[in-house]
Number of protein chains: 2
Amino acid sequence: MAGTRTRTTPATEAADPYAPCEDDCGIRDVLDRLGDRWSVLLVVELAKGTRRFRELQHAVPGISQRMLSVTAKRLVRDGLVERTVYPTIPPRTDYRLTATGRSFAGAVAALADWSRTHKDAIAASRDDFDTRHPDEVR
Amino acid sequence: MAGTRTRTTPATEAADPYAPCEDDCGIRDVLDRLGDRWSVLLVVELAKGTRRFRELQHAVPGISQRMLSVTAKRLVRDGLVERTVYPTIPPRTDYRLTATGRSFAGAVAALADWSRTHKDAIAASRDDFDTRHPDEVR
DNA sequence: CTGGATCCGCTTTGATACTG
DNA sequence: CAGTATCAAAGCGGATCCAG
């Protein structure tokens with residue numbers, strides 16, 4: 001399927017200039033985690049310290065109980081978050097980053113930094129684009 | 001709406017102790033823009049050099065013509081990619097990263113690096129989790 | 001308090017066909 | 001070659017109810 005190498009273009013390039021390692025270099029793995037709406041936000045919040053279910057829900061405005069539950073579970077499965085349940089009454093559950101999770105938080109922080117640095121430029125570019133292409137659907 | 005309970009809820013939750021800066025520290029901006037399935041892959045590919053429409057489609061296995069078109073246009077709008085059209089026959093269009101785009105590619109590279117370093121650990125964690133929770137739906 | 005189970009709508013994505 | 005237009009499918013995410 002994807003292995004179809006139909007190189008119809010003779011091109012002047014000698015060796016394969018494309019596909020050096022694996023096309024995506026494994027980025028897909030992170031993307032699947034970054035792709036969803038809440039994973040990163042949760043990790044960022046947990047990077048500040050251990051949190052309980054309720055606390056997380058408050059710290060991440062807009063997240064529903066369901067998505068918090070689902071997302072947290074997924075992070076636990078991936079080994080980024082550790083869950084500790086205290087069989088008390090009422091129940092209490094603590095969430096905290098694992099070593100891998102903290103590592104990930106660091107990597108994400110760099111991206112967040114990039115975001116803050118370029119958000120204005122992006123907004124400007126968009127605005128400019130929209131001004132010159134008012135007929136676009138969008 | 002919150003059911004009118006026996007105890008009038010203190011509607012105003014007071015300022016929660018959490019919520020440090022802005023909740024997400026601006027990560028939402030990047031995520032909303034590049035959190036989709038293809039943007040990052042396209043940027044990574046373009047980081048290797050200028051590419052034509054066809055070349056991109058080949059370089060990113062699985063992407064449909066439509067998504068390539070849509071994603072590329074969005075990147076152009078955000079100022080991360082530059083598009084050059086040659087009104088020849090047959091037509092030819094070159095895509096290349098802008099300065100901002102290259103900057104972003106750099107940030108992503110760091111994340112990709114993280115991914116490669118921890119992908120095994122994540123896979124192991126998942127496998128382990130699934131083994132101990134075979135009853136889960138997933 | 002901490003979630004799991006359901007129902008359901010919206011957005012994203014994919015397949016296909018058509019145009020310049 | 002380089003897209004655009006349309007339609008249908010899939011997945012994500014929200015609201016709600018219920019259980020431990």
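Quick note on labels: first sequence line is chain A, next is B, and so on, each numbered from 1.
With C:dG14, D:dG13, C:dT2 as the choices, the nucleotide that has an atom nearest any side-chain atom of B:Ser64 turns out to be C:dG14. Residue B:Thr93 has its side chain nearest to D:dA2 when only D:dG14, C:dT2, D:dA2 are considered. Of the candidate nucleotides D:dG13, C:dG3, C:dC1, D:dG13 has the atom nearest to the side chain of A:Asp36.
Rounded to whole Å, the distance from CZ on A:Arg66 to P on D:dC18 is 18 Å. Atom pair B:Leu41:CG and C:dT12:P shows a separation of 18 Å (rounding to whole Å applied). For A:Met67 and C:dA5, the CE to C1' distance is 15 Å, given to the nearest whole Å. Atom CZ in B:Arg74 sits roughly 7 Å away from atom P in C:dT13 (whole-Å rounding). The nearest whole Å value for the distance from the CZ atom in A:Arg83 to the C1' atom in C:dT2 is 8 Å. When the C1' atom of D:dC12 is taken as reference, atom CH2 of A:Trp38 falls 11 Å away, rounded to whole Å. Remark: P of C:dT2 and CG of A:Leu68 are 10 Å apart, rounded to the nearest angstrom. Rounded to a whole Å, the CG atom of A:Leu42 is 12 Å from the P atom of D:dG13.
Two residues, A:Gly35 and A:Gln65, neighbour DNA chain D, and the one matched to the more 5' nucleotide by heavy-atom proximity is A:Gly35.
To the nearest 0.5 Å, the span separating CD on B:Glu45 from CG on B:Leu41 amounts to 9.0 Å. In this structure, CG on B:Asp78 lies 8.0 Å from OG on B:Ser39, to the nearest 0.5 angstrom.
We find that A:Asp130 and B:Arg77 are joined by a salt bridge, their nearest charged nitrogen and carboxylate oxygen being less than 4.0 Å apart. Using a cut-off of 4.0 Å between Lys/Arg side-chain N and Asp/Glu carboxylate O, B:Asp94 and B:Arg92 are scored as salt-bridged.
Using a 4.0 Å heavy-atom distance criterion, A:Tyr95 is classed as a sugar-phosphate-only contact.
With the end axes of the helix from C:dC1-D:dG20 to C:dG20-D:dC1 each set by five pairs, the angle from one to the other reads 40° at 10° resolution.
Contact annotation: B:Arg52 side-chain N/O to D:dC1 OP1/OP2 distance is not under 4.0 Å. The side chain of B:Lys73 places an N or O atom within less than 4.0 Å of a non-bridging phosphate oxygen (OP1 or OP2) of D:dT4. The phosphate of D:dC12 (OP1 or OP2) has no side-chain N or O of A:Arg37 nearer than 4.0 angstrom. Listed pair A:Ser69 / C:dG3 fails the phosphate criterion, with no side-chain N or O lying under 4.0 Å from OP1 or OP2. A:Arg92 has no side-chain polar atom (N or O) that falls below the 4.0 Å cut-off from OP1 or OP2 of C:dT2.
Applying the side-chain contact (heavy atoms from CB on, under 4.5 Å) test to A:Thr131 and every residue at least two apart in sequence or in another chain returns nothing.
Shown here for A:Gln65 and A:Phe53, the closest heavy-atom pair between the two residues is O-CZ, 3.9 Å.
Residue pairs meeting the side chain to side chain donor-acceptor pair (under 3.5 Å) criterion with at least one member in residues 96-111 of chain A, sequence neighbours excluded, are A:Glu82-A:Arg96, A:Ser103-B:Trp114, A:Ser103-B:His118.
When each of B:Leu75, B:Leu97, B:Val30 is checked for a side chain to side chain contact (heavy atoms under 4.5 Å, CB included) with B:Phe104, only B:Val30 meets the rule.
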